[in-house]
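Below is one structure, written out as structure tokens; the observations come after it.
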Amino acid sequence: MFSKPLFKQSCKANLGLWSFVTVITCIILAVLILVIGNLNVGTVSKSMVDMFVKDSVEASIKKQSLTYFNLTDEALVNFDDNANSLDQLLNEALSSQQKTIIISFYNTLLEQGKDEEEAKDTILANLPNEQKLGVSTFIDYYRVMGENYDKSSINEYVLRQIEITVYEKLLEESGEEMANSAKIFIHQAVNDYISYSSALPSGQTADPTTFATGYIPNVLKEVFFTQEFDNQGQIIRVSDYFSKAQIGESSLSVILSYRAQIDYKTNEIKNELTLSNPELSEAEIEALLFERVQQEKLNYINSLSGSMLDSLPADVSSSLQELGNMNMSELVIGSMFFKMAGILLPIVYIIMASNNLISSQVDSGSMAFVLSTPTKRTTISFTQMAFLVLSLFAMFFCTTIVGLVCLAIAGSSISITYSQMILLNLGAFITMFAIAGICFLTSSWFNRSKLAMSIGGGLSMFFFVATILGLFGSPTVPSMMRVGAMDFFNYLSIITLFDCLSILHGTTAFIWKGAILLAVGIVCFVISIFKFKKKDLPL
Amino acid sequence: MEEVITVENLTKDYGNGRGVFDLNFSIKKGVTLGFVGANGAGKTTTIRAILGFIKPDKGKVHVKGFDSWTQSDKIKAFVGYVPGEIGFPDLKSGTAFLKSQAELRGNKEFDNLNELLKTLHLDPTANLKRMSKGMKQKTAIVTALSYDAEILILDEPTTGLDPLMRVAFLELIEKEKQKGKTIFISSHLYEELEKVCDYVALIDKGHIIEITDMDKLRNRSVREYKIEFNSEQDYLDFCKSEFEIIRKQPQYNQVTIKIERDDISNLFKYISNKNIKFISEIKYNLERHFLNFLNKQQKEVKHV
């Protein structure tokens, strides 16, 4: 079944070609891995990723700045209003006598066994309408704060109420966590506002909007600086992209332009409303205006804070994103090497070697010398097949070793593992096994070396070219450069069954595809051996 | 005597009248059979069938009892073969080639390599690719003869050899014959075969037309002479004599006669007192012998 002398003869005849192809292929692989590893071919893609990340981080800073600004601004304005009116109620509208009467009445009612609400309702029922609101507010205040009417107690009471308002509002909109943190934030903001206003020289009153404009960027830059984002499984630290000052700057600028815009819009809408609805009272107009302005604010936040990618058409932004996320090692090693550069020379080797091994020997007549010795034809074709397959195995064994060594040198900059490298080489070997089967079959089938070479070689080259063309339609190539229709070529080439992506992505599709390739090779070799046994030889 | 090669009803039809049709012959041990015929007559096809390179359409070929097609590898143990068209494998030198062949045969040593190389003036260290036609031919001959194979099958072994080498080669074959080898040698050169063969088969258009026993041909009792007379009178007188005249050419006063070997002295007696310009023997060689057959066949074809 196996003839050692013939194997030796084939080795001698094909050694030069084999060494050349193996060395060149190994060099190509080594250069590709080391170049990607050390020279960072992926810089462009990395800066693209950086750009998108930075952009989305900035968008998030802006959006949150505005959200917090709005929240704080509203809370502070409310606080100012409520604190002032409460102060007025407690210390000016109600005399201390009135307060004492109401308190004692309320307490008496409680002692009579009524609960708090019933007691309050009883008191209010005895009062004229215009006093009801004030007394109700006073009783509510008394229930919480007792008989302390000084400024800080009032502030504390109002702050609590605002906290509750903010919490309830956000609980509905954004959930408990957000509501809680907003509550804490507002608490801090209002306290800071109080100390800010008390530090002002007497005669000056604090403007909540002005305070919030300066306050928010200052607070947020500390908060953001330590924040982390999750961008498609990758943890991104804001501090990697922005300094504190930058965050403050960006936040301040967005707040300022927001304020200018809203001020302008508010005026415009107010004028418009007054002109178009002369029959409405000022209060009604204010109500309408408030609603419209809220709407404008929302619109503005949405328009300003969208990231760059969000502003592009969907397919453009997705292709940009894809380009940014493109895995260079996958493209260069997976597709460029194992489906193109790395198999071209082995295919040439297969075409030439399989031709040398059978049909060229029949054509030139040198097979006559082998067959004039007591060597069976099946022994000849089996030995030649064994040589072809073993030489290919040796070739990819070399590329595997080179690949592994280069991976070790390149280190972590390449996202291919050692086992993936071994699998890729094994896959390439099995693909070459199938192609070798086809070439060996034509070599065994035809007596004319030219015919065998042009059919077997032509077919192999066709597969190779179809793979290159098909690559432009395959998902490996970023969608920007992809021509969908080219995917058609992938269905014409058996090299497509070598599924690099499946190996690199850790799926199992490559196993059954590889099994098909193996089967193709085995079938071709078996037919070759039978054909060579049965055919007439012109020797 | 034991029959070494038997060919029964061998037919291999390549279409258009090419191929061999219903060949039957056998070669006994120690016999040298020559195989002669024009280009494309079917010599190489027959040899391929004997060696089992092609599958006969019909019929069987046996070599030492083994079927050529199904037991092709077995018969190679006895056969040394010189192919008609020589191509060498991709090896560096003739030495490497000879070594590789020996390994394929399973022989560790060459039986009579050095003697062969000396006889044929062959330097086997030469580069195989750059060898001239003659050198290639010699290398192939050395390969076939160096194992002391019982049977030699030589397909036009002298092509490319210079005349001196031809002589050396024929001497080699003569030696092999003396060792009792069975030799099958094809050629389109009659005189080569005449010298070494015991029998010569003529093949034309795929059919064996004649197998001639060379001993009989060499020892033929009938001779032919051509005589030209100086005077017309002598010529006319000779025409009336009892000698068997096969051709007359009155314009030259020439006759061609056929005569038994024993009667030659009578002829010389008769012409000794005649005025003759020349007398020459027309050698009846293999070529003439076969041309007769071929002409006969052509005539038959014409009649049809």
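Please read all numbers here as calculations on a predicted model, not as lab measurements. Here is how names work: the chains are called A, B, and so on, in the same order as the sequence lines, proteins then strands, and each is numbered from 1.
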To the closest 0.5 Å, what do you measure between CZ (Arg48(B)) and CG (Leu537(A))?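 Output value for this atom pair is 9.0 Å.
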Would you give the length of the straight line joining atom CG of Leu91(B) to atom CZ of Phe369(A), rounded to the nearest 0.5 angstrom?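 So the gap between those two atoms works out to 11.5 Å.
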Quick one: of [options], who has the most non-hydrogen atom pairs under 4.5 Å with chain B?
{"options": "Lys12(A), Met367(A), Gln361(A), Lys534(A)", "result": "Lys534(A)"}
{"options": "Pro538(A), Ser10(A), Ser360(A)", "result": "Pro538(A)"}
{"options": "Leu371(A), Asp363(A), Thr375(A), Asn356(A)", "result": "Leu371(A)"}

Quick check on Ser3(A) against chain B: is it the side chain, the backbone, both or neither that has a heavy atom closer than 4.5 Å?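 Only the side chain of Ser3(A) comes within 4.5 Å of chain B.
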Atom group of Lys4(A) that falls short of 4.5 Å from chain B, counting heavy atoms: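 For Lys4(A), neither part sits under 4.5 Å from chain B.
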[X] atom [atom1], over 12 foreign heavy atoms within 6.0 Å:
{"X": "Trp445(A)", "atom1": "CH2", "result": "no"}
{"X": "Lys60(B)", "atom1": "NZ", "result": "no"}
{"X": "Phe397(A)", "atom1": "CZ", "result": "no"}
{"X": "Tyr199(B)", "atom1": "OH", "result": "no"}
{"X": "Phe462(A)", "atom1": "CZ", "result": "yes"}
{"X": "Lys58(B)", "atom1": "NZ", "result": "no"}
{"X": "Lys376(A)", "atom1": "NZ", "result": "no"}
{"X": "Met461(A)", "atom1": "CE", "result": "yes"}

Which bit of [X] is near chain A, if near means a heavy-atom gap under 4.5 Å: side chain, backbone, both or neither?
{"X": "Ala140(B)", "answer": "both"}
{"X": "Thr143(B)", "answer": "side chain"}
{"X": "Leu104(B)", "answer": "both"}

In terms of heavy-atom pairs under 4.5 Å, which option from Lys12(B), Gln71(B), Gln101(B), Glu85(B) contacts chain A the most?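 It is Gln101(B).
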Return the minimal non-hydrogen interatomic distance between Ser366(A) and Pro89(B), and the atom names on each side.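 In terms of heavy atoms, the two residues are closest at CB-N, 3.3 Å.
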Where Phe53(B) and Arg377(A) come nearest, the two heavy atoms and their spacing: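 Taking Phe53(B) first and Arg377(A) second, the nearest heavy atoms are O-NH2, 2.9 Å.
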Apply side chain to side chain contact (heavy atoms under 4.5 Å, CB included) to Lys55(B) and Asp536(A), showing your working. CA-CA 6 Å; Lys55(B) 188 184 182 189; Asp536(A) 288 346; 3.7 Å; yes
Is there any residue in residues 73-83 of chain B with a non-hydrogen atom under 4.5 Å from a non-hydrogen atom of chain A, and which ones are they?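 The stretch touches chain A at Asp73(B), Lys76(B), Ala77(B), Val79(B), Tyr81(B), Pro83(B).
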